[in-house]
2 protein chains.
Amino acid sequence: MVGDMDTELSIQQVAAVTQLSTHTLRYYERIGLLAAIERASSGHRRYSGQDIAWINFLTRLRATGMPIREMQQFAELRRQGDHSLAQRRQLLEIHQRHVQQQLDELNRNLEVIQDKIQHYRELEAQYDTNTLTGSKH
Amino acid sequence: MVGDMDTELSIQQVAAVTQLSTHTLRYYERIGLLAAIERASSGHRRYSGQDIAWINFLTRLRATGMPIREMQQFAELRRQGDHSLAQRRQLLEIHQRHVQQQLDELNRNLEVIQDKIQHYRELEAQYDTNTLTGSKH
DNA sequence: ATAAAACTTAGAGTGCGCTCTAAGTCAATA
DNA sequence: TATTGACTTAGAGCGCACTCTAAGTTTTAT
């Protein structure tokens with residue numbers, strides 16, 4: 001089962017497992033996020049297990065708000081091989097800090113929203129009481 | 001200091017305190033997020049303390065990914081007064097769940113990124129060793 | 001053999017949330 | 001009084017990340 005890494009998938013199959021559209025997969029290749037996917041003799045794309053793993057990681061970066069531009073830089077560094085390891089790590093460390101900031105902000109905002117919900121609950125209780133006792137109508 | 005709620009601010013002042021551009025403030029009013037800001041005799045906008053509080057809350061909703069469409073619904077409910085309290089609360093409760101999902105996903109993705117950083121650290125250490133011992137060049 | 005489906009490329013179109021421009025009115029200062 | 005600057009409106013334009021279309025070739029199924 002180790003050899004599964006060599007399984008080659010069609011664009012439709014990759015779309016199914018990555019949840020990206022075939023349009024998006026071609027788009028990612030075109031703008032250099034994927035760079036040179038292998039072709040079958042027919043010219044059709046054949047994705048390797050490594051390609052899938054890379055696409056999945058890209059998806060994590062996108063989901064955490066990394067702009068395409070930065071992902072392009074990251075992909076370019078990857079293409080340059082081992083001597084770019086430190087730069088790739090630094091890029092990810094910066095991004096990691098951004099994600100932590102997002103988390104902090106999201107947590108703060110969540111609290112405010114929860115406070116508001118609680119506030120509404122109290123207002124509702126009061127409003128219901130007024131309505132039931134017939135005051136003012 | 002309680003009377004500060006009645007202070008009326010110009011659009012520039014509101015832009016300064018809310019960190020929104022004057023363009024965005026007019027845009028929000030135009031699409032019904034703010035609805036009918038008072039005007040001075042000159043026709044210039046005059047924002048109340050309540051307006052500012054509302055804008056700040058809207059900003060929290062935006063920052064947590066609520067689409068403008070939904071904010072418009074929320075603003076509309078607010079305009080309808082007390083009898084929409086329960087609906088407003090429900091809308092916020094749904095949004096609250098979305099925010100919690102965002103937080104969960106962000107946390108999962110952060111972990112993957114951190115793992116990748118750690119992986120790079122290990123590869124770097126190995127690469128440096130190989131380089132120093134002159135193996136392979 | 002032929003039709004339907006899937007693939008290819010280049011490039012146009014879309015939806016979101018602003019962001020800016022144009023044309024004009026009003027207000028404050030030299 | 002003149003001019004600089006802030007304000008008004010309606011509507012066009014923009015950046016991002018896709019998403020789709022058109023035109024053509026290849027593969028698969030009947």
**Item:** d(CD, B:E70; C1', C:dG15) in whole Å
**Value:** 17 Å

**Request:** Mark yes or no for whether A:S84, through its side chain, and A:Q80, through its backbone, hold a donor-acceptor pair below 3.5 Å.
**Result:** no

**Request:** Measure across B:E105 and A:A63 and return the closest heavy-atom pair with its distance rounded to 0.1 Å.
**Result:** OE2-CB, 3.7 Å

**Request:** Check for a donor-acceptor pair, side chain of B:D51 on one end and backbone N or O of B:S48 on the other, with a separation under 3.5 Å.
**Result:** yes

Expected rows: protein N/O vs nucleotides 16-18 of chain D N/O, under 3.5 Å:
residue, atom, partner, partner atom, Å
D:dA17, OP1, A:I68, N, 3.4
D:dA17, OP2, A:I68, N, 3.4
D:dC18, OP2, A:Y28, OH, 2.8
D:dC18, OP2, A:R62, NE, 3.0

**A:E111 CD to A:Q118 CD distance, which is reported to the nearest 0.5 Å** = 13.0 Å

**Message:** Using whole Å, what does the distance between atom P of nucleotide C:dT14 and atom NE2 of A:H23 come to?
**Reply:** 14 Å

Please tabulate, for side-chain N and O atoms in residues 27-35 of chain A, each donor-acceptor pair with protein atoms closer than 3.5 Å (sequence neighbours left out).
residue, atom, partner, partner atom, Å
A:E29, OE1, A:R45, NE, 2.6
A:E29, OE2, A:R39, NH2, 2.3

**Item:** Distance (rounded to the nearest 0.5 Å) between B:R88 CZ and B:L77 CG
**Value:** 7.0 Å

**Asked** Between atom CD in A:E38 and atom P in C:dT8, what is the gap in whole Å?
**Response** 13 Å

**Prompt:** To the nearest Å, how far apart are B:L58 CG and C:dG17 C1'?
**Reply:** 14 Å

Between the protein and nucleotides 6-15 of chain D, which nitrogen or oxygen pairs come in under 3.5 angstrom?
residue, atom, partner, partner atom, Å
D:dC7, OP2, B:Q12, NE2, 2.5
D:dT8, OP1, B:R45, N, 2.8
D:dT8, OP1, B:R45, NH1, 2.9
D:dT8, OP2, B:R26, NE, 3.1
D:dT8, OP2, B:R26, NH2, 3.4
D:dT8, OP2, B:R45, NH1, 3.1
D:dT8, O5', B:R45, NH1, 3.3
D:dT9, OP1, B:R39, NH1, 3.2
D:dT9, OP2, B:R45, NH1, 3.2
D:dT9, OP2, B:R45, NH2, 2.6

**Request:** Over all heavy atoms of both residues, which pair between A:H95 and A:G65 is shortest? Give the atoms and the distance, please.
**Result:** CE1-C, 4.3 Å

**Prompt:** Is the A:Y120 ring parallel, tilted or perpendicular to the B:F74 ring (thresholds 30°, 60°)?
**Reply:** perpendicular

**Asked** Nearest-Å distance, CZ (A:R46) to C1' (C:dA6)?
**Response** 11 Å

